[in-house]
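Start at 1 and go down the list; that is how both ligands and their atoms are numbered. What's counted below: heavy atoms across the whole structure, side chains too, no hydrogens, waters or symmetry copies. What you see is a predicted model; the values in this text were computed from it and never measured. In this chain, residues are counted from 1 in sequence order.
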Amino acid sequence: MFKREQFGDNFKWGVTISAFQNEGAAKADGKGPSIWDTFTDKPDNINNGDIIGEASDFYNRYEEDITLARQLGMDVFRFSISWARILPYGRGKINQAGIDFYHRVIDCCLNNNLTPYITLYHWDLPQALEDKGGWTNREIIDWFIDYVEICTKAFGDKVYNWIVMNEPMSFTGLGYFMGYHAPSRKGINHFLKAAHYTVLCMAQGGAKIRSLQPQANIGVALSCSYIKPVNQLPKHRRAAKRIEAMLNRFYLEPLLGLGYPSDVMPALKIIKSFFKNGDEQLMAFDFDFIGIQYYFRVVARHSLTPPVLFANEIPPTVRKANLNTMNLDVYPKGLYKLLKFYSSYPQIKKLIISESGVCYPDFLVKDHVYDVRRMKYHQKMLKQVRKAQDKGIHVTGYFVWTLVDNFEWKEGFEPRFGLVHVDFETQERTIKYSGQWFQSFLTKKASKK
Ligand code: NOJ
């Protein structure tokens, strides 16, 4: 088994959570509603009818959770800010109680020797902005930049590490194309508009932080998948390339100044109908790091549906893949291949695994959760990180999704990813076996040999 030191002295170990999934307190202290409050108000929208209630009650239990992160031996505490807690209507009047809450969270991190990494947007758009078109209204660029400015000014004397957005493909794809997530909008036009304005917001958000805080460490967190064609037939290989363009390149390449990946998908050129003069330049920003978040493998094949993509995924259940609770194909070896893929872009300065985790059913028996599978999953992922480092790839951190079990969006409370178990009736926390493993791995003194 490897040792912590082998990852390098500057390697950052972290845990990550998000506002909507953890905080609860949806109406407390002046917070406005977000699209996810609206969505979860209708229990039918959640697969098993779960009601979010207080989620994992981070709003009241942040001290306990941050202390747990410290106890596990982590260096970094990544959390997101709820836009509607700071600006209840998305813009206009600032809610001082929201600012004060995040100051308490940041201070608590610093007092526990944890470096805060702030995600500025983790999917919970203020409902008032959605009522004006949300991500499909170009004005979102001004709304977002104002919000970024408020946060940078409010917290920039204590926080240097910023993740401008989390998994843009997830919230635009699931929320504005498939209608599966909030705000339940569908269709290619909604998606392409939302996508383009999101790219502009990420790049311009990064530029805004840089202008206010030149020494900041600024990145984005992008979802990605290891994609494999079902076999080597050219049509399936091409199909895999198109899925790769959508899942792994679509948001990255414009940010790096390379434009949208229309080389393998000429139909993507229609996104230009939403461009204004100068957008090509405004889409790019020199990020300090790119965060990648890899949860599952996709096996792709050529198909006549859906049009434009002409490719689909062979469902992991049909392939008898190694499934997690969400029926996704768990394949740690894909991580090395992805790190290699991303390291081939000379524009990327540093890679961070800004989320990594797995959901399996957990059983709390006599105050113990024996989640050996989750522990082994992380060990296998870390082995891939070491392999990448040995090949000279600059990976500088591994942040676990997630610290405590929380609300998994449309899937409710069932998928559990935490290193710490939460009893959602009592909010009692129990460090799982996987958490204990991290604790001993991260806190054991280096041997002198
Ligand atoms: C990525 C998302 O950022 C997070 O919100 C989600 O809970 C995890 N993936 C697990 O699905």
Side-chain angles (χ1 to χ4, degrees), residues 14-24 34-37 39-40 46-48 50 52 55-56 58 65 76-83 117-125 162-175 178 180-182 198 202 219-226 247-248 251 290-298 316 323-332 334-335 338 352-362 371 374 377-378 381 397-420 422 424 434:
V15 280
T16 165
I17 62 164
S18 88
F20 184 75
Q21 294 175 275
N22 292 73
E23 284 177 5
S34 79
I35 53 173
W36 273 95
D37 293 311
F39 190 83
T40 50
I46 305 305
N47 286 349
N48 56 6
D50 274 353
I52 181 162
S56 64
F58 183 73
D65 286 352
V76 166
F77 190 79
R78 177 186 164 201
F79 63 96
S80 77
I81 290 188
S82 154
W83 187 340
Y117 270 62
I118 290 191
T119 310
L120 287 163
Y121 186 74
H122 200 127
W123 310 0
D124 45 355
L125 185 72
W162 304 93
I163 293 184
V164 181
M165 268 196 212
N166 180 71
E167 293 201 356
M169 185 49 89
S170 307
F171 77 82
T172 54
L174 297 170
M178 292 166 67
Y180 185 73
H181 271 190
T198 298
M202 287 193 282
V220 284
L222 304 178
S223 53
C224 57
S225 288
Y226 171 55
L247 298 188
N248 299 349
Y251 278 105
I290 297 292
I292 63 164
Q293 317 196 149
Y294 164 58
Y295 285 88
F296 56 90
R297 166 169 69 169
V298 170
L323 301 176
N324 65 15
T325 314
M326 288 161 77
N327 281 338
L328 298 169
D329 178 357
V330 175
Y331 184 69
L335 180 61
L338 283 163
I352 294 184
I353 317 283
S354 45
E355 273 186 28
S356 176
V358 69
C359 50
Y360 288 128
D362 286 327
D371 61 335
R374 183 173 293 104
Y377 174 81
H378 283 293
M381 293 289 273
Y398 185 88
F399 302 171
V400 175
W401 183 270
T402 177
L403 174 65
V404 293
D405 293 331
N406 58 27
F407 189 78
E408 181 56 27
W409 309 107
K410 176 97 181 160
E411 277 70 30
F413 287 111
E414 196 191 350
R416 289 178 180 267
F417 285 85
L419 296 181
V420 176
V422 176
F424 291 105
S434 57

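Taking every non-hydrogen atom of Phe417 and a distance limit under 4.0 Å, the qualifying atoms of ligand 1 come out as 10 (C), 11 (O). Taking every non-hydrogen atom of His122 and a distance limit under 4.0 Å, the qualifying atoms of ligand 1 come out as 2 (C), 3 (O), 4 (C), 5 (O). Remark: ligand 1 atoms within the under-4.0 Å shell around heavy atoms of Gln21 are 4 (C), 5 (O), 6 (C), 7 (O). Residue Glu408 approaches ligand 1 through these ligand atoms, each under 4.0 Å from one of its heavy atoms: 6 (C), 7 (O), 10 (C), 11 (O).
With respect to the salt-bridge test (charged N to carboxylate O, under 4.0 angstrom), the residues Asp362 and Arg374 qualify.
Residue contacts with ligand 1 for Asn166 involve side-chain atoms from C-beta outward but no N, CA, C or O (heavy atoms, distance under 4.0 Å).
Contact annotation: Glu411 has no heavy atom less than 4.0 Å from any atom of ligand 1.
The shortest non-hydrogen separation linking Leu323 to Pro316 is CD2-CB, 3.6 Å. Nearest heavy-atom pair, Leu338 versus Cys224, reported as atom, atom and distance to 0.1 Å: CD1-SG, 3.8 Å.
Below 30°, between 30° and 60°, or above 60°: for Phe424 and Phe413 the angle between ring planes is between 30° and 60°, a tilted geometry.
Residue contacts with ligand 1: Trp123 is placed with no nitrogen or oxygen under 3.5 Å of a nitrogen or oxygen of the ligand (distance criterion only).
The side chain to side chain donor-acceptor pair (under 3.5 Å) test with Gln293 singles out one residue from Ser225, Ser223, Ser354, Ser170, and that residue is Ser354.
Looking at Glu355 and Tyr294, their side chains never bring a donor and an acceptor atom within 3.5 Å of each other.
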